[in-house]
2 protein chains.
Amino acid sequence: MSTTSPHILVVDDDREIRDLVARHLKKHGFRVDVASGGVEMKEAVLRSRLDLIILDRVMPGEDGLTLCRNLRASSNIPVILLTLLGSDTDRIVGLEVGADDYLPKPFNPEELVARIRAVLRRAQALPTNKSAKIERVLSFAGWTLDCRARRLTSPDGVVVTLTDGEFELLRALAERPGVILSRDELLDLTSGREPGLFDRSVDMQIMRLRRRLAAHNDANDIIKTIRQQGYIFAADVEEAEH
Amino acid sequence: MSTTSPHILVVDDDREIRDLVARHLKKHGFRVDVASGGVEMKEAVLRSRLDLIILDRVMPGEDGLTLCRNLRASSNIPVILLTLLGSDTDRIVGLEVGADDYLPKPFNPEELVARIRAVLRRAQALPTNKSAKIERVLSFAGWTLDCRARRLTSPDGVVVTLTDGEFELLRALAERPGVILSRDELLDLTSGREPGLFDRSVDMQIMRLRRRLAAHNDANDIIKTIRQQGYIFAADVEEAEH
DNA sequence: GCTCATTTGTTACAGGGCGTTACAAAAAGC
DNA sequence: GCTTTTTGTAACGCCCTGTAACAAATGAGC
């Protein structure tokens with residue numbers, strides 16, 4: 001995502017505005033798709049790997065607001081709402097529904113570009129889709145974690161078998177290097193379960209995962225404990241798409 | 001930190017607006033500090049763990065724009081710019097300088113709240129803590145503190161194991177060389193806890209940290225005590241991105 | 001200088017978090 | 001069904017960390 005130019009979808013029923021915006025964004029080096037709302041759009045979101053969506057607030061088919069809310073249920077892709085309605089409450093509702101920004105028409109195309117950049121700046125570190133997780137290969141300290149094959153390879157090239165739980169845990173951590181993850185968060189990320197009062201299952205899995213890593217190599221422990229807080233993946237990770 | 005309410009700093013020379021905004025934000029459950037720009041603000045940013053800053057675009061002392069740009073150099077804390085100047089190019093410049101949003105005065109306080117929420121929604125999903133800068137390596141007097149690996153290396157190359165508390169404390173200090181940090185501030189920075197009346201835990205950690213540094217080297221003590229005030233990191237620090 | 005009050009450094013200790021082992025329950029393979 | 005693997009619970013002990021108590025240092029006042 002950060003390597004190539006951002007991919008933006010413009011959804012507006014007004015063909016004139018839609019194309020004007022699209023042309024302007026292309027001039028600024030974005031990759032642009034257009035759609036006119038409804039099913040067509042949902043498809044586009046699911047299929048391609050979009051970086052941002054520009055939505056018209058008012059559309060004959062499905063409302064921009066509703067669309068935005070629905071999107072938020074399954075994805076946290078950045079959304080900018082456009083609209084002719086410029087009242088305060090309109091803007092507030094738009095933002096509360098999950099949009100990242102709200103721009104009243106008529107707007108200066110340059111301002112739209114600036115706001116897109118501002119939103120992307122924030123959003124870029126995020127994993128885009130909640131639902132469709134991208135299968136990738138994560139490399140750290142000589143290790144290789146193939147998320148599609150669910151296979152871990154040690155620095156000396158040996159394939160290490162992991163149980164499902166161990167794999168999910170390692171992935172959850174390795175996908176978020178430098179982030180302190182609480183036990184509850186890890187539990188949710190790996191198995192989707194709720195905390196439970198005296199739950200130390202995460203500790204156990206961490207222990208087993210560490211043991212497995214240590215058995216094959218691993219001088220410096222990659223998974224560190226932050227007392228009272230949780231665990232952290234303390235190595236640099238390189239991602240490669242499959 | 002995600003447990004407590006977001007902490008927001010409002011910087012505006014117009015006391016009236018500043019207080020109005022502050023009151024409104026408090027009503028919505030935010031923790032609010034105010035400042036009137038310049039040194040006062042920088043101190044506040046350096047010291048406490050802020051989640052977001054609201055900056056007036058135009059201020060007699062240092063310009064809001066310049067402030068924002070300077071902030072961006074060392075931190076990725078969310079910034080929202082306010083201004084009387086509402087022209088397109090003003091907004092564009094504001095956003096390009098690194099602000100997350102740009103709101104022309106006069107504005108509806110509710111809209112400000114909505115925009116704050118939208119920005120925080122993005123920023124809080126980001127890895128690590130909000131105000132935290134990029135992960136980096138701090139060097140001082142021969143020592144090396146790797147904040148990603150959470151590891152300290154002594155001048156003679158020995159890796160010194162620190163407890164979590166010691167590490168957090170050392171980082172809090174080393175990130176702010178030459179700044180006097182009170183015990184309360186250090187407590188907040190290291191563990192996010194609130195003071196407590198007869199709390200001497202910081203003293204304890206300082207003592208243990210000093211002892212650990214002294215054990216490995218350290219002729220001149222790097223962490224100095226300022227009586228009645230707190231502690232100060234008395235060495236030059238070089239930062240290197242990882 | 002001395003004395004006293006206040007602040008800070010140091011030691012001792014207790015509570016609790018966490019790594020670890022052992023074991024039981026649950027799931028998967030056959 | 002049985003066996004093997006995986007995963008959660010219980011228990012034990014080490015280590016981290018905060019509290020308390022005391023010693024040392026600092027500063028004020030004389």
Side-chain angles (χ1 to χ4, degrees), chain A residues 150-152 159-173 180-215 218 220-234, chain B residues 3 150-152 160-173 180-215 218 220-234:
Chain A
R150 302 174 74 86
R151 212 169 51 177
L152 178 69
V159 173
V160 181
T161 35
L162 295 176
T163 68
D164 281 352
E166 286 162 5
F167 169 79
E168 291 297 341
L169 181 59
L170 182 54
R171 167 157 74 180
L173 287 161
I180 298 175
L181 293 163
S182 73
R183 288 173 173 73
D184 288 0
E185 285 169 330
L186 284 171
L187 198 65
D188 184 41
L189 284 167
T190 52
S191 62
R193 274 187 305 149
E194 285 305 305
L197 211 45
F198 295 115
D199 198 331
R200 295 198 53 198
S201 52
V202 172
D203 297 51
M204 277 284 81
Q205 291 291 45
I206 289 275
M207 207 273 280
R208 283 162 180 151
L209 182 52
R210 276 176 176 159
R211 181 188 294 166
R212 219 180 273 270
L213 294 177
D218 188 47
N220 44 357
D221 44 356
I222 293 170
I223 302 166
K224 294 209 163 143
T225 310
I226 312 292
R227 187 171 228 262
Q228 304 264 56
Q229 298 194 71
Y231 297 94
I232 188 173
F233 196 82
Chain B
T3 58
R150 302 175 71 89
R151 218 169 45 178
L152 177 69
V160 181
T161 34
L162 296 176
T163 68
D164 294 324
E166 286 161 6
F167 170 80
E168 291 296 342
L169 181 59
L170 183 55
R171 168 158 72 179
L173 286 162
I180 299 175
L181 293 162
S182 74
R183 288 172 173 75
D184 287 1
E185 287 167 337
L186 285 170
L187 197 65
D188 182 39
L189 285 167
T190 52
S191 62
R193 274 187 305 150
E194 287 302 308
L197 212 45
F198 296 114
D199 198 330
R200 295 201 52 202
S201 51
V202 172
D203 297 54
M204 275 280 74
Q205 291 290 46
I206 289 276
M207 205 273 281
R208 283 163 178 151
L209 182 53
R210 276 175 175 159
R211 179 188 295 167
R212 218 180 275 270
L213 294 177
D218 186 51
N220 45 354
D221 44 357
I222 293 170
I223 303 166
K224 293 203 167 135
T225 309
I226 310 291
R227 203 184 161 82
Q228 303 264 54
Q229 298 191 65
Y231 297 94
I232 188 172
F233 194 82

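Letters A, B, ... are given to chains in the order of the sequence lines, protein chains preceding strands, and every chain is numbered from 1. Nothing here was measured: the structure is a model prediction, and the numbers come from that model.
Remark: A:Ser201 engages A:Arg193, A:Asp199 in a side-chain hydrogen bond (donor to acceptor under 3.5 Å, both in side chains) (not counting sequence neighbours). With sequence neighbours left out, A:Arg200 forms a salt bridge (charged side-chain N to carboxylate O under 4.0 Å, His left out) with A:Asp203. Considering only residues two or more places apart in sequence or on other chains, B:Ile232 meets the side chain to side chain contact (heavy atoms under 4.5 Å, CB included) condition with B:Ile180, B:Lys224, B:Ile226. Every side chain to side chain contact (heavy atoms under 4.5 Å, CB included) that B:Glu166 has, sequence neighbours left out, goes to B:Leu162, B:Thr163, B:Gln205, B:Arg208, B:Leu209, B:Arg212. Not counting sequence neighbours, the partners of A:Phe233 by the ring pair (Phe, Tyr, Trp, His ring centres under 6.0 Å) test are A:Phe140. A:Gln228 meets the side chain to side chain contact (heavy atoms under 4.5 Å, CB included) test with no other residue; sequence neighbours excluded. Applying the side-chain hydrogen bond (donor to acceptor under 3.5 Å, both in side chains) criterion to B:Glu168, with sequence neighbours excluded, gives B:Arg150, B:Arg171.
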Interface polar pairs with nucleotides 10-17 of chain C, N/O, under 3.5 angstrom:
| residue | atom | partner | partner atom | Å |
| --- | --- | --- | --- | --- |
| C:dT11 | OP2 | B:Arg211 | NH2 | 3.1 |
| C:dG16 | N2 | A:Arg227 | NH2 | 3.1 |

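In this structure, the side chains of A:Asp184 and A:Asp188 stay at 4.5 Å or more apart for every pair of heavy atoms. When side chains are defined from C-beta on, A:Arg183 counts as touching A:Tyr231, because their heavy atoms get closer than 4.5 Å.
Scanning DNA chain D 5' to 3' for nucleotides with an atom closer than 4.0 angstrom to a non-hydrogen atom of chain A gives a first and last hit of D:dT6 to D:dT17.
OP1 or OP2 of C:dG19 lies within a sub-4.0 Å distance of a side-chain N or O belonging to A:Thr225. For the OP1/OP2 pair of C:dG19 and a distance below 4.0 Å, the side-chain nitrogens and oxygens of A:Tyr231 include at least one atom meeting the criterion.
In the helix from C:dG1-D:dC30 to C:dC30-D:dG1, the rotation axis of the first five pairs and that of the last five pairs differ in direction by 30°, rounded to 10 degrees.
Note that the CD1 atom of A:Ile206 and the CG atom of A:Leu181 stand 9.0 Å from one another [nearest 0.5 Å]. A distance of 7.5 Å separates CG in B:Asp164 from OG1 in A:Thr225, rounded to the nearest 0.5 Å. Rounded to the nearest 0.5 angstrom, B:Leu170 CG and B:Leu213 CG are separated by 6.5 Å.
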**OP:** For each nucleotide in nucleotides 24-30 of chain C, reading 5' to 3', give B when a protein heavy atom comes within less than 4.0 Å of its base, S when such contact involves only the sugar-phosphate, and - otherwise.
**Re:** -------
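The interatomic distance linking B:Leu186 (CG) with C:dT8 (P) rounds to 12 Å, in whole Å.
The main-chain N or O of A:Ile223 is found under 3.5 Å from a side-chain atom of A:Arg210 such that the two form a donor-acceptor pair.
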